[in-house]
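Written below as structure tokens is the structure these notes are about.
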There are 2 protein chains.
Amino acid sequence: MTITVSGTHIGVPAQLPSPVPAAEYETCPVTEVLRRVGDKWTLVVLVLLGRRPYRFNELHRAIEGISQRMLTRTLRTLEQDGLVDREVHPTVPPGVEYRLSPLGTSLLGPLSALADWATTHHDEIAAARARGGQ
Amino acid sequence: MTITVSGTHIGVPAQLPSPVPAAEYETCPVTEVLRRVGDKWTLVVLVLLGRRPYRFNELHRAIEGISQRMLTRTLRTLEQDGLVDREVHPTVPPGVEYRLSPLGTSLLGPLSALADWATTHHDEIAAARARGGQ
DNA sequence: CGGGATCCGCGAGGATACTG
DNA sequence: CAGTATCCTCGCGGATCCCG
């Protein structure tokens, strides 16, 4: 399927199959990226690496509450998707640096648009929750 | 904390506490929005409602694979956050229409920026995966 | 230092049945 | 038609221990 974009709003082509095919929706690039960046730790890792390179344990200390396992998994996934570059220095003890790839850096722009929207409209969401219950 | 934005990239203020506080990260508006829109069905619901209003079962038929329960939950959450308006027509049988609120519509813009990025760079991600394994 | 291996709890999400 | 209620599965994410 691939959800398409035209101008300033998300558009689904007029000839969109109805119903939206389940298989194609789940493999849709937009869906994939949102689910990835919507997981628990990816955002803060991207934000930190967007500032400067980090060593593994340095990241671990910089993100309160993240487990070793999830930091590893988050970094591995980002690396596999080409968003993060991993650089090993064969010293003793070993030093591993993580940095955003150009692709990863290019993601920060659109991500910022969403972040901007979130901070701008956060009070409206809070107000709606206060009215509606929960 | 609230992840801040400056210009075209996500920035964390220089005085960002290190480590990033766990509690503040989880209640950060940006984190919340990303987790919401990153769940399984929110995106496609937003996209469809972005085109026109839908009745409940109409949506149910339009989205292959979604369970009744998850459609209800997704719509309820979107409604509570003020992104979707629910309109009940007291007819027999009852008719319920869902439409995007102005707030929900305003989300489509930044969401499109991310969707645009995803479609543009999908091949690079696929290539990275092909290289890296998995 | 930078992980991998293992075990486990919990909540997202699915299936089914029932209702105003 | 538009849900609610119930039960169940499965994978995300945490905790802990171990290793080169």
Side-chain angles (χ1 to χ4, degrees), chain A residues 19-20 22-23 25-26 31-32 34-45 48-49 53-81 84-99 132-134, chain B residues 19-20 22-23 25-26 31-32 34-45 48-49 53-81 84-99 132-134:
Chain A
V20 173
Y25 173 62
E26 294 190 2
T31 303
E32 281 188 9
L34 280 178
R35 293 205 71 145
R36 169 93 335 123
V37 91
D39 68 12
K40 189 162 184 181
W41 300 110
T42 294
L43 176 67
V44 63
V45 168
L48 288 179
L49 292 185
Y54 273 82
R55 303 265 302 269
F56 182 85
N57 279 321
E58 194 181 7
L59 267 180
H60 197 190
R61 284 186 298 268
I63 305 173
E64 184 188 303
I66 194 173
S67 67
Q68 199 180 53
R69 190 177 107 95
M70 286 314 296
L71 179 55
T72 301
R73 284 180 48 118
T74 301
L75 288 169
R76 286 285 178 276
T77 305
L78 288 172
E79 188 196 358
Q80 284 170 10
D81 286 355
V84 161
D85 288 332
R86 180 172 178 268
E87 192 176 346
V88 183
H89 300 97
T91 57
V92 181
V96 179
E97 276 212 344
Y98 292 92
R99 69 184 68 243
Q134 176 53 198
Chain B
V20 174
Y25 173 61
E26 293 190 2
T31 303
E32 282 188 9
L34 279 177
R35 292 205 71 143
R36 169 96 330 126
V37 91
D39 68 13
K40 190 163 185 180
W41 300 110
T42 293
L43 176 67
V44 63
V45 168
L48 288 179
L49 293 185
Y54 273 82
R55 303 264 301 269
F56 182 85
N57 278 322
E58 194 181 8
L59 267 179
H60 196 190
R61 284 187 298 268
I63 305 173
E64 183 187 305
I66 194 173
S67 67
Q68 202 179 50
R69 189 178 109 96
M70 285 315 295
L71 179 54
T72 301
R73 283 180 48 116
T74 301
L75 288 170
R76 288 284 177 275
T77 305
L78 288 173
E79 188 197 358
Q80 284 170 10
D81 286 355
V84 161
D85 288 331
R86 180 172 179 268
E87 191 175 348
V88 183
H89 299 96
T91 57
V92 181
V96 179
E97 276 211 345
Y98 292 92
R99 69 183 68 243
Q134 174 57 190

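Just so it is clear: chains get the letters A, B, ... in the order the sequence lines come, proteins before strands, and each one is counted from 1. Computed over heavy atoms, backbone and side chain alike; hydrogens, waters and symmetry mates excluded. All figures in this text were calculated on a predicted structure; none of them were measured in a lab.
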Under-4.0 Å side-chain N/O to phosphate OP1/OP2 contact, A:Arg55 with C:dG2: yes
Euclidean distance, atom OH of residue A:Tyr54 to atom P of C:dC1 [Å, nearest integer]: 16 Å
Which residues share a side-chain contact (heavy atoms from CB on, under 4.5 Å) with A:Pro53, sequence neighbours left out: A:Glu97, A:Arg99
Whole-Å gap separating P (D:dG3) and CZ (B:Phe56): 5 Å
Integer-rounded Å distance: D:dG3 P and B:Arg61 CZ: 13 Å
Partners passing salt bridge (Lys or Arg N to Asp or Glu O under 4.0 Å) against B:Arg35 (at least two apart in sequence or in another chain): none
Length of the line joining B:Asp39:CG and C:dG11:P, which is rounded to integer Å: 16 Å
Between CG on residue A:Leu75 and CZ on residue A:Arg73, distance to nearest 0.5 Å: 12.0 Å
Evaluation steps, side-chain contact (heavy atoms from CB on, under 4.5 Å), between B:Leu43 and A:Tyr25: CA-CA 10 Å; B:Leu43 176 67; A:Tyr25 173 62; 3.6 Å; yes
Rounded distance (Å) that lies between atom P of D:dA15 and atom CG of A:Leu71: 14 Å
Close N/O contacts between protein and nucleotides 15-20 of chain C (under 3.5 Å):
residue, atom, partner, partner atom, Å
C:dA17, N6, B:Gln68, OE1, 3.2

Reported CZ-to-OG1 distance for the pair B:Arg36 and B:Thr74, which is rounded to 0.5 angstrom: 9.0 Å
For atom CE of B:Met70 and atom C1' of D:dA2, their distance in whole Å: 17 Å
Distance in angstrom units between A:Leu59 CG and C:dC1 C1', rounded: 14 Å
5' priority, DNA chain C, between A:Leu75 and B:Arg73 [closest heavy atom]: A:Leu75
Residues in contact with DNA chain C, drawn from residues 85-93 of chain B - heavy-atom cutoff 4.0 Å: none
Presence of A:Arg35 side-chain N/O under 4.0 Å of C:dA12 phosphate oxygens OP1/OP2: no
Terminal axis angle for the helix from C:dC1-D:dG20 to C:dG20-D:dC1, five pairs an end, nearest 10 degrees: 50°
Residues forming a side chain to side chain donor-acceptor pair (under 3.5 Å) with B:Arg86, sequence neighbours excluded: B:Tyr98
Separation of D:dC12 C1' from A:Arg36 CZ (nearest whole Å): 12 Å
Closest heavy-atom pair and its distance - A:Val88, A:Pro90: O-CD, 3.5 Å
A:Val92: partners by side-chain contact (heavy atoms from CB on, under 4.5 Å), with sequence neighbours left out: none
Please list every donor-acceptor pair under 3.5 Å in which a side-chain atom of residues 57-71 of chain A meets a protein atom from a residue at least two apart or in another chain.
residue, atom, partner, partner atom, Å
A:Glu58, OE1, A:Arg55, N, 2.9
A:Glu58, OE2, A:Arg52, NH1, 2.9
A:Glu58, OE2, A:Arg52, NH2, 3.0
A:His60, NE2, A:Ile66, O, 3.2
A:Ser67, OG, A:Met70, N, 3.2

Set of side chain to side chain donor-acceptor pair (under 3.5 Å) partners for B:Asp39, sequence neighbours left out: B:Thr42
